[in-house]
Enquirer: 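Quick one: this structure, given as structure tokens, is what I'll be asking you about.
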Amino acid sequence: MLGFLQKVADYTQDAVGAAKYLVQGLGVTFDHMRRRPVTVQYPYEKLIPSERYRGRIHYEFDKCIACEVCVRVCPINLPVVDWVMNKETKKKELRNYSIDFGACIFCGNCVEYCPTNCLSMTEEYELAAFDRHSLNFDNVALGRLPTSVTSDPSVRPLRELAYLPETIMDPHELPSNQKRAGQLPSQIVNELKKKKSQENKNSTDILTNKLDSINK
Ligand code: SF4
Ligand code: SF4
């Protein structure tokens with residue numbers, strides 16, 4: 001009899017322990033339900049990079065004068081400028097230009113110092129490849145216009161996650177009712193529209209009043 005009671009007591013203790021863990025787990029779940037989501041459902045959702053994001057380099061072949069400044073200012077002398085000297089015109093003739101994004105550190109020095117501004121940094125960040133040799137972009141690949149997150153109809157661009165409240169750097173602990181530092185772009189547009197319609201209404205009122213006074 002005592003053995004049976006002991007078994008019942010052990011079983012009850014185990015059941016209470018399991019229920020405790022279950023409540024603890026659900027507590028974590030419910031706690032997270034109140035928070036702002038910080039995950040991005042990539043590739044269906046994508047964050048919009050900041051305006052000064054240093055992504056894949058864009059190159060304009062026609063503007064390049066083959067001066068090789070980009071090579072000299074690059075910390076690893078990465079850009080390959082392939083040119084020949086035309087003996088008749090005594091000018092350099094550009095044949096090819098390439099940058100290996102498998103080695104580039106996206107420091108932006110080449111873009112900064114290029115005298116003809118034929119290099120620029122884009123917001124393109126999707127450079128993953130199965131073969132690292134395919135990361136070596138020639139002038140045709142470098143000249144391709146970048147794909148923009150905002151113009152891709154198959155993805156939902158997410159700018160909102162960047163708008164955290166002032167002084168907050170970590171969004172994980174953020175309660176959902178916390179005020180953001182600035183307004184969202186959509187809120188700013190709505191406010192500007194309201195302001196504009198109010199201004200139009202005021203100018204119409206002034207005009208009507210003036211016309212009334214003239215008629216009197
Ligand atoms: S610095 Fe500019 S112009 Fe000169 S070689 Fe490099 S890309 Fe061409
Ligand atoms: S971004 Fe920096 S590392 Fe990359 S090619 Fe230009 S200078 Fe070199």
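Atoms within each ligand, like the ligands themselves, are counted from 1 in listed order. Model, not experiment: these values are computed from the prediction. All heavy atoms count here, side chains included; hydrogens, waters and symmetry mates do not.
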Enquirer: Among all the protein's non-hydrogen atoms, which is closest to atom 4 (Fe) of ligand 2, and how far away is it?
Expert: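 Answer for atom 4 (Fe) of ligand 2: Cys104 SG, 2.3 Å.
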Enquirer: Once you restrict to heavy atoms under 4.0 Å, what part of Cys118 touches ligand 1? Side chain, backbone, both or neither.
Expert: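 Side chain only.
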Enquirer: So for Ile57, does at least one of its heavy atoms come nearer than 4.0 angstrom to any atom of ligand 2?
Expert: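 Ile57 counts as a contact of ligand 2 under the 4.0 Å cut-off.
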Enquirer: Let me confirm one number: the CG-CD distance from Asn117 to Glu112, rounded to the nearest 0.5 Å.
Expert: 9.5 Å
Enquirer: What atoms of ligand 2 come closer than 4.0 angstrom to any heavy atom of Cys110?
Expert: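 Every atom of ligand 2 under 4.0 Å from some heavy atom of Cys110: 1 (S), 5 (S), 6 (Fe), 7 (S).
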Enquirer: If I take atom SG from residue Cys114 and atom OH from residue Tyr59, how far apart are they, to the nearest 0.5 angstrom?
Expert: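 Going from SG on Cys114 over to OH on Tyr59, the span is 8.5 Å.
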Enquirer: Is it the side chain, the backbone, both or neither of Lys63 that has a heavy atom closer than 4.0 Å to ligand 1?
Expert: neither
Enquirer: Give me the nearest non-hydrogen protein atom to atom 5 (S) of ligand 1 as residue plus atom name, then the distance to 0.1 Å.
Expert: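 Protein heavy atom with the smallest distance to atom 5 (S) of ligand 1: Glu68 N, 3.2 Å.
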Enquirer: Just do the side chain to side chain contact (heavy atoms under 4.5 Å, CB included) check on Cys64 and Cys118 with the steps written out, would you?
Expert: CA-CA 6 Å; Cys64 183; Cys118 62; 4.0 Å; yes
Enquirer: Are any side-chain N or O atoms of Thr122 and backbone N or O atoms of Arg56, one a donor and one an acceptor, separated by less than 3.5 Å?
Expert: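 Judged by distance alone, yes, a pair lies under 3.5 Å.
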Enquirer: Just to confirm my output: which protein heavy-atom neighbour is closest to atom 8 (Fe) of ligand 2, and how far is it?
Expert: Cys74 SG, 2.3 Å
Enquirer: Is it the side chain, the backbone, both or neither of Ala66 that has a heavy atom closer than 4.0 Å to ligand 1?
Expert: backbone
Enquirer: For Tyr42 and Glu126, test the side chains for any donor-to-acceptor distance below 3.5 angstrom and give the result as yes or no.
Expert: yes
Enquirer: Below 30° counts as parallel, above 60° as perpendicular, anything between as tilted: where do the rings of Phe101 and Phe137 land?
Expert: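 Ring orientation, 0 to 90° scale: perpendicular.
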Enquirer: Starting from atom 2 (Fe) of ligand 2, locate the nearest protein heavy atom and write down its residue, its atom name and how far away it is, to 0.1 Å.
Expert: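 Result: Cys107 SG, 2.3 Å.
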Enquirer: Quick one: CD on Glu123 to OH on Tyr53, what's the gap to the nearest 0.5 Å?
Expert: 9.5 Å
Enquirer: When you look for heavy atoms under 4.0 Å from ligand 1, do you find them on the side chain of Thr116, its backbone, both, or neither?
Expert: side chain
Enquirer: I want to check something: taking the side chain as every heavy atom from C-beta on, are Asp82 and Leu94 in contact at a cut-off of under 4.5 Å?
Expert: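 Not touching, per the 4.5 Å side-chain cut-off.
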Enquirer: Look at Cys114 and state whether any of its N, O or S atoms is less than 2.8 Å from atom 8 (Fe) of ligand 1.
Expert: no
Enquirer: So, are Glu124 and Arg54 salt-bridged, with charged N and O less than 4.0 Å apart?
Expert: no
Enquirer: Within Cys70, is some N, O or S atom less than 2.8 Å away from atom 4 (Fe) of ligand 1?
Expert: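 It does not: Cys70 brings no N, O or S atom closer than 2.8 Å to atom 4 (Fe) of ligand 1.
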Enquirer: Check each atom of ligand 1 against the heavy atoms of Cys64 and keep those under 4.0 Å away; list them by number with element.
Expert: 3 (S), 5 (S), 7 (S), 8 (Fe)
